[in-house]
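Reading through the structure tokens given below for one structure.
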Amino acid sequence: MYLIRERFSRLGEDSDITDDQGQPVFHVDGKVLTLHDRLVIRDPAGQEVAQVHRKLVSLRPTYEVSVGGREVAEIRKHLFTPFGDRFTIDVPGPDDLELAGNLLDHEFTIRRGDQTVATVSKRWFSMRDTYAVDVAPGEDALLILASVLALDLAEDRERERH
């Protein structure tokens, strides 16, 4: 289980992603004031392990996740979603992930077909500005965490428009 402080990205602040014991696992360098809404994810030694950035030319909110300079996922919002937020996390191959739930309240699941690969929730913690990401065993935690950060950026951008 990982903990992320909510809305750090809105102000372009840096933040740590910690484990459930409070130990830093990743450091997030918020570069959201750039044109591409870019986040750089670093390991505890300070080495870049992933990036998240917004694609400028797209019909709907779209973010890319790259690891080692290689794109590993594209996160796209579904255009018409009357019952909560829905995003696709498009990964190479047939194993795309689907997100459904309430992004604003940080209560959603990420699924591959019928299998839940991650659950995101604020309910587990009394800290109002923190939410948890519970990644299923055997799943790519870095990909899931970077995708959740992309969803945060998309939600912040959506709030700014309204």
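- Using a cutoff of 4.0 Å between basic side-chain nitrogens and carboxylate oxygens, Glu139 and Arg112 are scored as salt-bridged.
- Each of Thr18, Val135, Asp134, Val133 was checked for a side chain to side chain contact (heavy atoms under 4.5 Å, CB included) with Met1, and the lone residue meeting it is Asp134.
- Residue Ile41 comes nearest to Leu142 through the heavy atom pair CG2-CD1, 4.1 Å, listed as atom of the first residue, atom of the second, then distance.
- In this structure the side chain of Ile110 reaches within 4.5 angstrom of the side chain of Ile89, judged on heavy atoms.
- In this structure, Phe26 and Val49 have side chains that are in contact, with non-hydrogen atoms separated by less than 4.5 Å.
- Between Val148 and Tyr131, some side-chain heavy-atom pair lies under the 4.5 Å cut-off.
- Counting all heavy atoms, side chain and backbone alike, Tyr63 lies closest to Ala150 at CB-CB, 3.8 Å.
- Residues Leu3 and Asp19 are not in side-chain contact: their nearest non-hydrogen atoms beyond the backbone lie 4.5 Å or more apart.
- Judged as a side chain to side chain donor-acceptor pair (under 3.5 Å), and not counting sequence neighbours, the contacts of Glu64 are His53.
- In this structure, Phe87 CZ and Leu97 CG are separated by 14.0 Å, a value rounded to the nearest 0.5 Å.
- In this structure, Leu99 and Thr109 have side chains that are not in contact, with every pair of non-hydrogen atoms separated by 4.5 Å or more.
- Here Gln115 pairs with nothing under the side chain to side chain donor-acceptor pair (under 3.5 Å) rule; sequence neighbours left out.
- Counting heavy atoms from C-beta on, the side chains of Arg42 and Val40 come closer than 4.5 Å.
- Tested against Leu149 for a side chain to side chain contact (heavy atoms under 4.5 Å, CB included), the candidates Val28, Ile144, Val65 yield a single pass: Val28.
- For the pair Leu145 and Ile4, the minimum side-chain heavy-atom distance is below 4.5 Å.
- Taking each heavy atom of Ala141 and Tyr2 in turn, the nearest pair found is CB-OH, 3.4 Å.
- For Ser121 and Glu107, the side-chain atoms include at least one donor-acceptor pair closer than 3.5 Å.
- Contact annotation: the side chain of Ile75 never approaches that of Asp90 to less than 4.5 Å [non-hydrogen atoms, C-beta and beyond].
- The shortest non-hydrogen separation linking Ala146 to Val52 is O-CG2, 3.5 Å.
- Across all their heavy atoms, Pro24 and Pro44 have their closest contact at O-CG, 3.9 Å.
- Glu74 and Thr62 get closest at one heavy-atom pair: CG-CG2, 3.5 Å.
- Arg76 and Thr88 share no side-chain donor-acceptor pair at under 3.5 Å.
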